[in-house]
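Working notes for the structure below.
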Amino acid sequence: MNTLKYHLLSVLVTALVAGSFLSSAQLSGVMNPFSLTLLRFLLAALVLLPYILLAKPRIRMAIRVFPRSLVMSLFFAIFFICMFKGLETTTALNTGTLYTLVPFMTAMASVLLFKETISLQRLGVYLIGAVGTCWVVVRGDLATLLSLDLNQGDGLFLLGCVSMVCFWLSMKLFHRGEDSVVTVFCTLVGGALWMALALLVLEQPLDWARFDARLTGHMLYLAFFATLVSTFIIHKTTVVLGPAKVMAYIYLSPVFVAVLMLLLEGKAIPVAVYPGILLSIVSTVVLQLTTPKSAPGR
């Protein structure tokens, strides 16, 4: 029962991230993705800045945490860079399908780093979960799934998926009992620094003047809910539950996307998608029941 709230928080963060897909779709193409992500990190970090500055112990803690957070944020930034660059030569369908490999890769890495155990049964559940998610992505059309053609962009995004696994694992590995808010603040600042560096290297403009009221609303959602709140929750739940358990909820992401599109945009969920949604839910529940909690962070 003590961990129930962390499972509920994991479900909540999955819903928040699912909502970010809809907001990101509205912002896509308005300006370069590095600039969008930089603004997203900066806005979220600015909200936490007073909390850090109002207490000298938190300032000292931030100074200690920042080097580790810089490593974590590098993995986070690499994921976004690989995703944005990969989408130049591949499709959202391909990347959505490849992303279902992340929970499996996280579980395998957790076996090596945190001595978690994984059975053949759980391996089968990961496969079923991936099938369910793919079913949702391709809307139950087997021909569409079989027509996937992996290319250079897919290779880049797969590298990004590996980086995302490293991000989740590093949150567990680098935790030393610090205040989660301080860790999140340092991670956001680090991510902003990496994105600023990417902008300089790629010689991309900021173009922030292009925002209007509607786009600003979507950016505020991304900054405050999909970035600030979700990163805080991810850090707390990963430390308590372990990366494998938290990452297992990723199979619910397409489910939340479909529901949010129904509620916010009036787009009905195709009947052909229902079996995939059911498989995703069942796989998530089974993984939560069969995945042991990893050892506490050092």
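Taking CE of Met105 as the start and CG of Leu158 as the end, the distance is 6.0 Å to the nearest 0.5 Å. Atom CZ in Phe256 sits 6.0 Å away from atom OG1 in Thr14 (nearest 0.5 Å). Between atom CG of residue Leu220 and atom OG1 of residue Thr227 there is a gap of 11.0 Å, rounded to the nearest 0.5 Å. The line from NE2 of His7 to CG of Leu241 is 4.5 Å long, rounded to the nearest 0.5 Å. Note: Ile233 CD1 to Tyr6 OH = 11.5 Å, rounded to the nearest 0.5 Å. Taking OG of Ser73 as the reference point, atom CG of Leu188 lies at 9.0 Å (rounded to 0.5 Å).
The salt bridge (Lys or Arg N to Asp or Glu O under 4.0 Å) pairs that include a residue from residues 219-244 number zero, where partners must be two or more places apart or lie in different chains. Among pairs with a residue in residues 41-61, those fulfilling ring-ring contact (aromatic ring centres under 6.0 Å, His included) read Phe41-Phe76, at least two apart in sequence or across chains.
The hydrophobic clustering, which links ILVMFWY residues whose side-chain heavy atoms are closer than 4.5 Å, places Leu127 and Ile281 apart. By the rule that hydrophobic residues join a cluster once side-chain heavy atoms approach within less than 4.5 Å of another member, Val11 and Leu263 end up as members of one cluster. Hydrophobic clustering, with ILVMFWY side chains joined whenever heavy atoms are under 4.5 angstrom apart, keeps Val131 apart from Tyr126. In the hydrophobic clustering of ILVMFWY residues, with side-chain heavy atoms under 4.5 Å counting as a link, Ile234 and Val240 come out together. Cluster membership check: Met164 does not share its hydrophobic cluster with Leu159, using side-chain heavy-atom separations under 4.5 Å among Ile, Leu, Val, Met, Phe, Trp and Tyr.
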May I have the step-by-step check of side chain to side chain contact (heavy atoms under 4.5 Å, CB included) for Ser69 and Thr183, ending in yes or no? CA-CA 7 Å; Ser69 296; Thr183 301; 4.2 Å; yes
Pair Val229-Leu12, side chain to side chain contact (heavy atoms under 4.5 Å, CB included): steps then yes or no: CA-CA 10 Å; Val229 176; Leu12 173 61; 5.6 Å; no
Dump the intermediate steps for side chain to side chain contact (heavy atoms under 4.5 Å, CB included) on Val271 and Tyr274, then the final yes or no. CA-CA 6 Å; Val271 176; Tyr274 289 172; 4.2 Å; yes
Step by step, would you call Ile128 with Val282 a side chain to side chain contact (heavy atoms under 4.5 Å, CB included)? CA-CA 9 Å; Ile128 293 173; Val282 170; over 6 Å; no
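Closest of all the heavy-atom pairs between Pro205 and Asn32 is O-ND2, 2.6 Å. Nearest heavy-atom pair, Val47 versus Leu228, reported as atom, atom and distance to 0.1 Å: CG1-CD2, 3.8 Å. Listed here is the closest heavy atom pair of Leu206 and Ser35: O-OG, 2.5 Å. Nearest heavy atom pair, residue Met195 against residue Ala77, reads CE-O, 3.8 Å. Considering all non-hydrogen atoms of both residues, Ser23 and His218 come closest at OG-ND1, 3.1 Å. Closest approach of Cys161 and Phe79 over heavy atoms only: N-CD1, 4.3 Å.
Atom CZ of Phe66 sits in a crowded spot, with more than 12 heavy atoms from other residues, nucleotides or ligands closer than 6.0 Å.
Using a distance-only test at 3.5 Å, with no hydrogens or angles considered, a donor-acceptor pair links the side chain of Arg176 to the main chain of Phe174. Side chain of Ser283 to backbone of Gly129: a donor-acceptor contact under 3.5 angstrom is found. Under the 3.5 Å distance criterion, the side-chain polar atoms of Ser170 are left unmatched by any main-chain donor or acceptor of Met72. Between the Trp135 side chain and the Ala272 main chain, a donor and an acceptor come within less than 3.5 Å of each other.
Residues Cys82 and Phe157 form no side-chain contact, since every pair of their non-hydrogen atoms from C-beta on lies 4.5 Å or further apart. Considering only heavy atoms from C-beta on, Leu27 comes within 4.5 Å of Met219 through its side chain. The shortest distance between side-chain heavy atoms of Leu123 and Phe104 falls below 4.5 Å. Contact of the Phe211 side chain with the Leu39 side chain is registered, since non-hydrogen atoms from C-beta on lie closer than 4.5 Å. In this structure the side chain of Gln288 never reaches within 4.5 angstrom of the side chain of Val285, judged on heavy atoms. The shortest side-chain heavy-atom distance between Val13 and Thr237 does not fall under the 4.5 Å cut-off. Val162 is not listed as a side-chain neighbour of Phe167, based on a closest heavy-atom distance of 4.5 Å or more.
A search for side-chain contact (heavy atoms from CB on, under 4.5 Å) contacts involving Leu197 returns Trp194, Val201, not counting sequence neighbours. Scored by the side-chain hydrogen bond (donor to acceptor under 3.5 Å, both in side chains) test, Thr284 finds no partners at all (sequence neighbours excluded). Taking the salt bridge (charged side-chain N to carboxylate O under 4.0 Å, His left out) definition, one finds that Arg60 meets it with nothing, sequence neighbours left out. Taking Arg68 as the reference, Glu178 meet the salt bridge (charged side-chain N to carboxylate O under 4.0 Å, His left out) condition, with sequence neighbours excluded.
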